[in-house]
*Asks:* 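Structure provided below as structure tokens; questions to follow.
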Amino acid sequence: MSNKNLIIYIHGWNSFKGARKALLLENQLKDNDHFELTSVTLRPHPTEAIEQLSAIIENELPYRKVHLIGSSLGGYYATFLSEKYNLKAVMINPAVWAYKIFENNRGDNENPNTGEKYFIDQAWIDSLEDIFIDELQHKDNFLVLLQTEDETLDYRYAEKYFKGTNIVVDQGGSHSFDDLESKIPGILIHFS
């Protein structure tokens, strides 16, 4: 077992473990003495994705500190897991009320990165609502990175939801989060 802190990168909807942010973070941390990063391709169903991530957390927590970085829908998952396990987490343009967002995506879907096909029905959407955290109990655990020109999610929802946490709002940017490299020192300070 490694004595380095583990950072789990949780990707967004229809993404995968080799996504740009995951690779960027992995590359930036490859020679770090204190942290290592892992990312897994999540199952498309929210319940299964949470089970996957919970298994990793529960497997690692007895041996070392575990931290989360969640992007978009991954930020929604990370919020739930951070609160459940009392873990430090960094949110990158996170989804907040995800169960409302996916009303528009009902029916057949396919992850373009993996080719996996799946179906979004009411039970799928309900499973997102089941993990919604109404009010954060551990606000000090969160660092929230937002960009105002996020074309997918209105940053103001996250700004409101995460009020009282450490929030950094960049003017401009995009949903994929521009210049994430510049945020890595602050992320590691948050995890230290």
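Start at 1 with the first residue, then count along the sequence. These values consider heavy atoms only, across backbone and side chains, with no hydrogens, waters or symmetry-generated copies.
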*Asks:* Kindly determine whether Y118 and E110 satisfy side-chain hydrogen bond (donor to acceptor under 3.5 Å, both in side chains), including the steps that lead there.
*Replies:* CA-CA 6 Å; Y118 60 99; E110 180 178 345; over 6 Å; no

*Asks:* Is it possible for you to say whether I69 and L146 belong to one hydrophobic cluster, with membership spreading through side-chain heavy-atom contacts below 4.5 Å?
*Replies:*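 No: no chain of side-chain contacts under 4.5 Å links I69 to L146.
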
*Asks:* Would you compute the distance between atom CD1 of I50 and atom CD1 of I131 and round it to the nearest 0.5 angstrom?
*Replies:* 4.0 Å

*Asks:* Would you say the side-chain atoms of Q52 pair up with the backbone N or O of T41, donor to acceptor, closer than 3.5 Å?
*Replies:* yes

*Asks:* Which heavy atom of F162 sits nearest a heavy atom of L136, and at what distance?
*Replies:*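 Distance-wise, the nearest heavy atoms are CD2-CD1, 3.6 Å.
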
*Asks:* For N111 and S15, which heavy atoms make the closest approach, and how far apart are they?
*Replies:* ND2-O, 2.9 Å

*Asks:* Can you establish whether the number of heavy atoms outside R20 located under 6.0 Å from its atom CZ is more than 12?
*Replies:* yes

*Asks:* So K100 and E103, salt bridge (Lys or Arg N to Asp or Glu O under 4.0 Å) or not? Walk me through it.
*Replies:* CA-CA 6 Å; K100 294 179 182 176; E103 288 290 344; over 6 Å; no

*Asks:* Are I57 and V90 connected, step by step, through hydrophobic side chains (Ile, Leu, Val, Met, Phe, Trp, Tyr) whose heavy atoms are closer than 4.5 Å?
*Replies:* no

*Asks:* For a quick test of reading the model, state the closest non-hydrogen atom pair linking I167 to V169 and the distance between them.
*Replies:*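 Minimum heavy-atom separation between I167 and V169: CG2-CG2, 3.8 Å.
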
*Asks:* State, to 0.1 Å, how close L37 and A22 come at their nearest heavy-atom pair, and which atoms those are.
*Replies:* CD2-O, 3.7 Å

*Asks:* From Q147 CD over to S176 OG, what is the distance, rounded to the nearest 0.5 angstrom?
*Replies:* 8.0 Å

*Asks:* Applying the ring-ring contact (aromatic ring centres under 6.0 Å, His included) criterion to F132, which one of F80, Y99, Y77 satisfies it?
*Replies:* Y99

*Asks:* Which residues pass the side chain to side chain donor-acceptor pair (under 3.5 Å) test with E48, not counting sequence neighbours?
*Replies:* R43

*Asks:* Test side chain to side chain contact (heavy atoms under 4.5 Å, CB included) on V144 and V168 and set out the steps.
*Replies:* CA-CA 6 Å; V144 184; V168 179; over 6 Å; no

*Asks:* H175: which residues meet the side chain to side chain donor-acceptor pair (under 3.5 Å) condition with it, sequence neighbours left out?
*Replies:* S72, D150

*Asks:* Using only atom types and a distance under 3.5 Å, with no angle test, would you say the side chain of N93 pairs donor to acceptor with the backbone of L153?
*Replies:* no

*Asks:* Compare all side-chain heavy atoms of L29 with those of L188 and state whether any distance is below 4.5 angstrom.
*Replies:*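 The answer is yes; the side chains approach within 4.5 Å.
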
*Asks:* Would you find more than 12 non-hydrogen atoms of other residues, nucleotides or ligands less than 6.0 Å from D140 atom CG?
*Replies:* no

*Asks:* According to a hydrophobic-cluster definition based on side-chain heavy atoms being under 4.5 Å apart (Ile, Leu, Val, Met, Phe, Trp, Tyr only), do L24 and V40 belong together?
*Replies:* no

*Asks:* Quick one: are I10 and L53 in side-chain contact, heavy atoms under 4.5 Å?
*Replies:*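 I10 vs L53: side chains touch.
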
*Asks:* Kindly determine whether E60 and R64 satisfy side chain to side chain contact (heavy atoms under 4.5 Å, CB included), including the steps that lead there.
*Replies:* CA-CA 6 Å; E60 296 290 342; R64 55 178 167 167; 2.8 Å; yes

*Asks:* Roughly how far apart are L73 CG and N14 CG, rounded to 0.5 Å?
*Replies:* 9.5 Å

*Asks:* Would you sort out whether K139 and E83 count as a salt bridge (Lys or Arg N to Asp or Glu O under 4.0 Å), showing the intermediate values?
*Replies:* CA-CA 9 Å; K139 292 188 174 182; E83 288 284 282; over 6 Å; no

*Asks:* Run the numbers on I187 and L145 for side chain to side chain contact (heavy atoms under 4.5 Å, CB included), then give the verdict.
*Replies:* CA-CA 10 Å; I187 289 171; L145 305 177; 4.1 Å; yes

*Asks:* Going only through I, L, V, M, F, W and Y residues with side-chain contacts under 4.5 Å, is there a path from L128 to L42?
*Replies:*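 Yes.
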
*Asks:* With a 4.5 Å limit on heavy-atom distance, are the side chains of L87 and L61 in contact?
*Replies:* yes

*Asks:* Within the structure provided, determine whether S71 and Y9 are in side-chain contact (heavy-atom separation under 4.5 Å).
*Replies:*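 Yes. Closest side-chain heavy atoms under 4.5 Å.
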
*Asks:* Measure from the ring center of W13 to the ring center of F102 and say whether it is less than 6.0 Å.
*Replies:* yes

*Asks:* Taking atom NE2 as the centre, does H34 end up with more than 12 heavy-atom neighbours from other residues, nucleotides or ligands that are less than 6.0 angstrom away?
*Replies:* no

*Asks:* Are any non-hydrogen side-chain atoms of Y76 and V96 less than 4.5 angstrom apart?
*Replies:* no

*Asks:* Are any of the side-chain heavy atoms of S82 and K88 separated by less than 4.5 Å?
*Replies:*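 Answer no - side chains too far apart.
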
*Asks:* Might you point out which heavy atoms bring T79 and F142 nearest each other, and give the distance in Å?
*Replies:*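 Nearest pair, atom of T79 first, then F142: CA-CE2, 4.0 Å.
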
*Asks:* Is the closest side-chain donor-acceptor distance between E58 and Y85 under 3.5 Å?
*Replies:*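 Note: E58 and Y85 side chains meet the donor-acceptor criterion.
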
*Asks:* Could you please spell out the steps behind the salt bridge (Lys or Arg N to Asp or Glu O under 4.0 Å) verdict for K30 and E26?
*Replies:* CA-CA 6 Å; K30 70 176 186 288; E26 200 174 313; over 6 Å; no

*Asks:* Do Y63 and L6 sit in the same hydrophobic cluster, where Ile, Leu, Val, Met, Phe, Trp and Tyr count as joined when their side-chain heavy atoms come under 4.5 Å apart?
*Replies:* no

*Asks:* For residues 177-186, run the donor-acceptor check on the side chains, cut-off 3.5 Å, and write out each pair with its distance to 0.1 Å, sequence neighbours left out.
*Replies:*
residue: D178; atom: OD1; partner: S174; partner atom: OG; Å: 2.7
residue: D179; atom: OD2; partner: S182; partner atom: OG; Å: 3.0
residue: S182; atom: OG; partner: D179; partner atom: O; Å: 2.9
residue: K183; atom: NZ; partner: D170; partner atom: OD1; Å: 3.0
residue: K183; atom: NZ; partner: D170; partner atom: OD2; Å: 3.1

*Asks:* Below 6.0 angstrom between ring centroids: does that apply to F119 and W124?
*Replies:*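 They do not qualify: ring centres at least 6.0 Å apart.
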
*Asks:* Looking at every non-hydrogen atom in both residues, tell me the closest pair between S54 and K84 and how far apart they are.
*Replies:*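 That would be OG-NZ, 4.1 Å.
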
*Asks:* Run N141 and N86 through side-chain hydrogen bond (donor to acceptor under 3.5 Å, both in side chains) and show every step you take.
*Replies:* CA-CA 8 Å; N141 280 341; N86 193 13; 2.8 Å; yes

*Asks:* With a 6.0 Å cut-off (strictly less than), is the heavy-atom count around NZ of K4, excluding the residue itself, greater than 12?
*Replies:* yes

*Asks:* Would you call the rings of F35 and H67 parallel, tilted or perpendicular, taking 30° and 60° as the class edges?
*Replies:*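 Taking H67 first and then F35, their aromatic rings sit tilted (interplane angle of 30° to 60°).
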
*Asks:* Does the pair E129 and I125 meet the rule for a side chain to side chain contact (heavy atoms under 4.5 Å, CB included), with working shown?
*Replies:* CA-CA 7 Å; E129 191 164 6; I125 291 168; 5.8 Å; no

*Asks:* Does N32 reach the main-chain N or O of Q28 with its side chain, forming a donor-acceptor pair under 3.5 Å?
*Replies:*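 No, N32 side chain to Q28 backbone: no donor-acceptor pair under 3.5 Å.
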
